[in-house]
Amino acid sequence: MCKMNLRNPSLSRFVFGLLFLVFFLLIEYSMAQTEKVILDTDMGSDCDDVGAMALLHHFADQGKVEILGVIFSSGKIPFGVGIIEAINVYYGRNQIPIGASHDLSFGDPKDKMQAEKLAKDTAAYKNTLIHNHDAFEQTELNRKLLAEAQDNSITYITIGHTKGLYELLRSIPDNISPLNGYDLVNKKIKRWVALGALGASNENVGAVKDWNFNKNNSAIYTDFLIDQFPKPAYFVDAGAKVYTGKSLDTLSAGNILRTAYRDWLWNMEKKTLIEQRPSWDLATVYYAVMGPDKFFEELAPGVLVFDLKEGSRWVRHRVNPLHHFILQKQGNDRDFAKILNTAIAAKPLNTTLK
């Protein structure tokens, strides 16, 4: 058996140098595989935004994603930032920057999960942000995050309104970057993954209106993005029959995830955690991080046509190479729900909260 003589100084330096190079390359490969994400949410309009954030943090715990920042794109109920920060604190990621709409005339006008009450309970949740004006202005933060990122590295996920991304795309050069929004997005963002255009692929129905792309005066912003966004866009239609939330009943009574889900379900539908909620937002985050996996399929090439009055329609006989329509495969609702429920109730790696 041949033995390596490490008593030879030259040979030792070569071996250790080789080992260091392999270690460095492994780290580089691991970092390249980590999805860098900005999450844009209308936290409070539905409880699945909470589940989506929990899932994203769970993926971060596994090293699959780096959360660069979170944007709260609503203003009429300006307390979503408090819930977002409370979730970040629960997962031990207090440092994640949060941006918010400072336009208090835009967004969902109803406080569906008692966001103000939760945001102001800083003793319980240890959040320092309460009101939108306590957070960075959303376009300012978005521009900063993009300016500091590597080229073509960011996945921008919208699980709420489209106004925040629209304002980023339309932004002008400033002291953060000499690039306008279009050029900054084109340089730094790799792809846009959006929950939107739900039902638009059904050719027998025609155009449809959904919450994120049409409601609360979002249509004008959606229309611009669909026509002008310069990088690949993935429109995700999934999670409608994937029910999640019951796993959160195992968490402590004061847990931010459990409380936000419970309050939304009771306030809006007089349901309990055990009765759960569809998982549109969670499915979108899952796709953005994990890719097609076994739960999704991409439709044949086409184009998403958007009309301000009629809504969205996926047209197959025309092709926009930047447009991709993602559907959930049939027959996997229960399996998908089981995976998601397990993930959102998993204990964080780094937290001091219950």
Side-chain angles (χ1 to χ4, degrees), residues 39-57 67 69-91 93-94 96-138 141 157-161 163-164 195 211-212 215-218 244-245 248 251-273 276-282 285 344 353-354:
L39 181 69
D40 191 324
T41 168
D42 58 345
M43 180 67 68
S45 290
D46 207 330
C47 57
D48 63 333
D49 293 80
V50 174
M53 278 201 67
L55 181 62
L56 196 60
H57 276 286
I67 308 171
V70 182
I71 302 297
F72 175 57
S73 55
S74 293
K76 285 189 175 180
I77 305 297
F79 301 101
V81 293
I83 300 174
I84 290 168
E85 188 182 21
I87 294 172
N88 289 346
V89 169
Y90 171 61
Y91 282 93
R93 294 189 176 89
N94 315 37
I96 294 175
I98 300 170
S101 172
H102 286 187
D103 176 3
L104 304 186
S105 67
F106 178 80
D108 190 350
K110 187 172 183 179
D111 190 351
K112 296 175 179 176
M113 65 169 57
Q114 297 180 310
E116 182 175 2
K117 177 183 176 182
L118 293 176
K120 290 181 176 179
D121 195 355
T122 56
Y125 301 120
K126 311 304 179 187
N127 54 296
T128 59
L129 307 179
I130 297 174
H131 191 279
N132 279 23
H133 286 162
D134 298 330
F136 295 106
E137 195 280 324
Q138 61 185 12
L141 178 60
I157 307 174
T158 56
I159 55 174
H161 309 302
K163 187 170 187 270
L195 173 65
W211 178 266
N212 288 350
K215 304 300 181 181
N216 299 302
N217 300 314
S218 284
T244 51
L248 301 179
L251 303 180
S252 62
N255 181 279
I256 183 61
L257 308 179
R258 184 181 187 274
T259 303
Y261 254 82
R262 180 203 65 191
D263 288 357
W264 192 98
L265 282 164
W266 185 253
N267 291 341
M268 297 307 300
E269 299 185 343
K270 294 297 181 284
K271 290 182 178 179
T272 66
L273 281 171
Q276 309 194 96
R277 180 71 178 154
S279 305
W280 302 283
D281 290 355
L282 289 82
V285 165
I344 65 176
L353 299 181
K354 296 181 179 179

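None of the values given here were measured: they were computed from a predicted structure.
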task = Apply side chain to side chain contact (heavy atoms under 4.5 Å, CB included) to the pair E269 and W264, showing each step before the final yes or no.
result = CA-CA 8 Å; E269 299 185 343; W264 192 98; 4.0 Å; yes
key: Check against side chain to side chain contact (heavy atoms under 4.5 Å, CB included), L56 and I67   = CA-CA 8 Å; L56 196 60; I67 308 171; 3.9 Å; yes
request  = Decide yes or no on side chain to side chain contact (heavy atoms under 4.5 Å, CB included) for L39 and V285, but give the supporting numbers first.
outcome  = CA-CA 9 Å; L39 181 69; V285 165; 4.2 Å; yes
message = Go through it in stages, so that I can follow the logic: the residues are D42 and N212, the test is side chain to side chain contact (heavy atoms under 4.5 Å, CB included), and I'd like the CA-CA distance, side-chain angles, deciding distance and then a yes or no.
response = CA-CA 9 Å; D42 58 345; N212 288 350; 4.2 Å; yes
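Within the model, atoms OG1 of T259 and NZ of K117 stand 9.0 Å from one another, a figure rounded to the nearest 0.5 Å. Rounding to the nearest 0.5 Å places CG of D281 at 10.5 Å from CG of L55. Separation of atoms CH2 (W280) and CG (L195) is listed at 8.5 Å; rounding is to 0.5 Å. Here the SG-NZ distance, from C47 to K271, works out to 10.0 Å after rounding to the nearest 0.5 Å. The CE atom of M43 sits 15.5 Å away from the CZ atom of F79 when rounded to the nearest 0.5 Å. Put simply, OG1 on T128 and CD on E85 are 3.5 Å apart, with the number rounded to the nearest 0.5 Å.
Looking at heavy atoms from C-beta onward, Y90 lies out of side-chain contact with H57 at the 4.5 angstrom threshold. Side-chain contact between I98 and N88 is present, with at least one heavy-atom pair separated by less than 4.5 Å. A 4.5 Å side-chain heavy-atom check between Y91 and M53 finds every atom pair outside the cut-off. Within the 4.5 Å cutoff, the side chain of L282 has heavy atoms near those of the I344 side chain.
Considering all non-hydrogen atoms of both residues, T272 and L265 come closest at O-CD1, 3.6 Å. The shortest heavy-atom contact between N255 and Y125 is C-CE2, 4.3 Å. The heavy-atom pair separating P109 from N216 by the smallest distance is CD-OD1, 3.7 Å. In terms of heavy-atom proximity, P97 sits nearest to F136 at CB-CE1, 4.2 Å. For the pair A119 and G82, the tightest heavy-atom approach, listed with the atom from each and the gap, is CB-CA, 3.8 Å. When all heavy atoms are compared, the tightest approach of G69 to I96 is CA-CG2, 3.8 Å.
Of the candidates D49, L257, N127, L118, L118 is the only one forming a side chain to side chain contact (heavy atoms under 4.5 Å, CB included) with I83.
For the 3.5 Å distance criterion, the side chains of W211 and D46 fail to qualify, holding no donor opposite an acceptor.
For the pair D111 (side chain) and Q114 (backbone), a donor-acceptor distance under 3.5 Å is present.
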Ignoring hydrogens and angles, write down the donor-acceptor pairs under 3.5 Å from the side chains of residues 99-108, residues two or more places apart or on other chains.
residue, atom, partner, partner atom, Å
S101, OG, D103, N, 3.2
S101, OG, D103, O, 3.3
H102, NE2, N132, O, 3.3
H102, NE2, A135, O, 3.2
D103, OD1, S105, N, 3.0
D103, OD1, S105, OG, 2.5
D103, OD2, K163, NZ, 3.2
D108, OD1, K110, N, 3.2
D108, OD2, S45, OG, 3.1
D108, OD2, K112, NZ, 2.9

Only distances under 3.5 Å count here; give the side-chain donor-acceptor pairs of residues 70-77 to other protein atoms, sequence neighbours excluded, each with its distance to 0.1 Å.
residue, atom, partner, partner atom, Å
S73, OG, D40, OD1, 3.1
S73, OG, T41, O, 3.4
S74, OG, H161, NE2, 3.0

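Environment of CG in N217: sparse, with no more than 12 heavy atoms of neighbouring residues, nucleotides or ligands closer than 6.0 Å.
The salt bridge (Lys or Arg N to Asp or Glu O under 4.0 Å) test applied to R262 returns no partner, not counting sequence neighbours.
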